[in-house]
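Below is one structure, written out as structure tokens; comments come after it.
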Amino acid sequence: VLADNSLKHGPVEVLLTIDEETGMTGAFELKPGLLQGDVLLNLDSEDEGELYIGCAGGMNTSASLKYKDSEVPSGMKAYRLAVKGLKGGHSGLDINLGRGNANKLLFRFLWHAERELGLRLASVDGGSLRNAIPREAFAEVVVPSGKSADFLAAVKDFEQSFIRELSETEPNLSFTAGESDMPSSLIDEATQSRLVKMVYGIPNGVIRMSADMPGIVETSTNLAIVKSDNGEIQALCLIRSSVDSAKFDLGNMTEAVMTLAGAEVTHDGIYPGWKPNINSPILNTMKNVYKTKYNVEAEIKVIHAGLECGIIGDTYPGLDLISFGPTIRFPHSPDEKVNIKSVGKFWDYLVDTLVNIPKK
């Protein structure tokens with residue numbers, strides 16, 4: 001838009017923000033008084049032909065557990081557990097699809113193996129991004145040599161249970177145990193026990209669907225990361241809700257589980273939702289432009305994910321906000337891709353919108 005001098009439009013102000021995917025820090029650092037415009041076109045949605053007028057707010061709820069290195073008892077065999085092959089995906093947009101959470105599956109097994117097989121935990125490494133459903137999770141463990149056959153049989157049994165439960169959504173799921181080198185130390189037994197209970201007990205997935213907009217998730221949580229390193233274990237949940245009170249309630253519920261396990265808990269990255277305005281002038285304009293241009297109605301949507309509109313609108317409450325974009329699939333995963341044809345259509349729609357921006 002800035003480079004093409006042939007376009008027709010009124011005054012254009014461009015806001016470029018950093019870190020949208022990993023923390024929205026650019027939007028958070030935006031100060032009042034900088035922007036002069038009164039309409040915000042947010043070019044950051046993922047389905048061509050859809051206009052977004054609202055989004056969920058979010059917050060990170062994180063636990064930190066300190067542990068001591070413990071000696072490996074004699075007579076143990078070492079294994080590396082691996083949950084792999086899950087689809088992962090966006091922890092907001094895809095949370096209602098019934099996909100597996102690698103951290104939850106791994107700790108479901110650890111709960112059993114700790115109690116029944118004397119498993120000890122050396123390290124855990126699950127998930128990688130705060131806003132992605134974890135696709136993989138790994139743990140270095142030891143079990144008594146006399147229990148190794150039972151341990152391997154249990155791994156196979158749990159893998160079959162996971163496959164049966166998730167066959168429709170996770171066709172490539174695998175859960176395996178391979179022999180590994182003996183670890184130099186273990187997480188102390190008391191901390192291990194508290195960690196396993198905590199992760200197994202933390203809520204995960206869709207908590208409530210919207211009563212106002214059928215088919216839309218209102219409140220959810222994703223146990224994104226569980227990692228141990230250098231005497232500390234961290235567990236991070238990303239909580240989303242279009243209702244602020246429900247968001248904080250779920251954060252408190254998660255904190256309660258974490259503190260029962262003796263963890264230090266923090267809440268950060270808190271951002272507000274974006275309340276829909278069906279009487280928005282820019283919405284009405286863009287609906288009319290789309291119908292005139294393509295002879296079909298644009299779909300009006302509210303998204304269960306964080307858009308910068310919520311943060312920016314909180315800083316600039318007078319802005320008339322809307323979000324749209326080309327068609328993107330499998331965001332926040334290695335399979336992410338954009339439909340090239342939709343990019344051209346998106347551009348044409350943007351250009352026509354700029355011609356018809358409503359005047360105050």
Side-chain angles (χ1 to χ4, degrees), residues 1-18 20-21 24 26-27 35 37-56 87 89-97 131-132 213 215-217 274 276-313 319-359:
V1 170
L2 293 177
D4 190 341
N5 292 326
S6 69
L7 299 184
K8 295 181 180 180
H9 55 73
V12 171
E13 182 176 45
V14 176
L15 172 67
L16 306 176
T17 59
I18 65 164
E20 190 272 342
E21 295 291 355
M24 297 193 182
L35 302 182
D38 46 45
V39 175
L40 175 66
L41 305 178
N42 185 52
L43 312 183
D44 186 34
S45 293
E46 294 163 6
D47 283 283
E48 189 281 320
E50 296 181 353
L51 301 174
Y52 285 86
I53 62 170
C55 72
K87 291 181 179 178
H90 191 291
S91 66
L93 301 179
D94 299 326
I95 200 70
N96 63 324
L97 300 180
N131 54 1
M213 300 191 70
I216 299 297
V217 178
W274 167 25
N277 175 17
I278 60 172
N279 297 313
S280 155
I282 189 59
L283 170 62
N284 292 328
T285 294
M286 292 187 70
K287 285 167 59 179
N288 293 334
V289 170
Y290 199 86
K291 179 65 182 294
T292 301
K293 192 171 182 63
Y294 302 116
N295 201 31
V296 293
E297 300 283 352
E299 296 185 59
I300 311 306
K301 296 277 190 172
V302 173
I303 191 171
H304 187 68
L307 292 174
E308 291 179 315
C309 290
I311 301 168
I312 297 170
L319 275 178
D320 191 11
L321 303 154
I322 199 159
S323 185
F324 64 116
T327 298
I328 297 171
R329 289 293 175 262
F330 314 117
H332 301 182
S333 81
D335 300 319
E336 181 168 352
K337 54 190 176 182
V338 63
N339 180 288
I340 296 171
K341 185 177 179 180
S342 75
V343 175
K345 192 174 180 182
F346 163 65
W347 164 254
D348 292 339
Y349 184 37
L350 170 62
V351 169
D352 278 17
T353 296
L354 290 173
V355 174
N356 292 280
I357 290 291
K359 296 180 180 178

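Owing to the predicted nature of the structure, the values given are computational and were not obtained by experimental measurement.
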Summary of ring-ring contact (aromatic ring centres under 6.0 Å, His included) pairs that have at least one residue in residues 278-297, sequence neighbours excluded: Y290-Y294, Y290-Y349
N279 to N284 - nearest heavy-atom pair and separation: O-ND2, 4.1 Å
T327 side chain to E48 backbone, donor-acceptor under 3.5 Å: yes
Where at least one partner belongs to residues 321-330, residue pairs that pass salt bridge (charged side-chain N to carboxylate O under 4.0 Å, His left out), sequence neighbours excluded: D47-R329
pair E46-P331: side-chain heavy atoms closer than 4.5 Å: yes
Contacts table for residues 299-311: side-chain donor-acceptor under 3.5 angstrom, sequence neighbours left out:
unit_1 : atom_1 : unit_2 : atom_2 : d
H304   : ND1    : V217   : O      : 3.0
H304   : NE2    : S220   : OG     : 2.7
E308   : OE1    : T17    : OG1    : 3.0
E308   : OE2    : T17    : OG1    : 2.7

For L7, all residues meeting side-chain contact (heavy atoms from CB on, under 4.5 Å), sequence neighbours excluded: V1, D4, H9, W347, V351
Min side-chain heavy-atom separation I53-N277 under 4.5 Å: no
All pairs passing salt bridge (charged side-chain N to carboxylate O under 4.0 Å, His left out) where residues 276-298 contributes a residue, at least two apart: K291-E297, K293-D352
Distance in Å, L321 CG paired with L40 CG, rounded so as to fall on 0.5 Å steps: 5.0 Å
Side-chain donor/acceptor of E13 to backbone N/O of G37, under 3.5 Å: yes
Heavy-atom check, side chain of K8 versus side chain of L354, under 4.5 Å: no
Side chain D320, main chain I282, donor-acceptor under 3.5 Å: yes
Residues which pass side-chain contact (heavy atoms from CB on, under 4.5 Å) with V338, listed by chain and number, not counting sequence neighbours: P326, I328, V343
N42-S323 side chain donor-acceptor pair, cut-off 3.5 Å: yes
Which atom of S45 lies closest to which atom of Y52, heavy atoms considered: OG-CD1, 3.3 Å
Atom of D94, atom of G89 and distance for their closest heavy-atom approach: OD2-CA, 3.4 Å
Donor-acceptor contact present, side-chain S342 to main-chain N339, <3.5 Å: yes
S91 and N131: side chain donor to acceptor below 3.5 Å: no
Residue pair L43 / F324, side-chain heavy-atom distance below 4.5 Å: yes
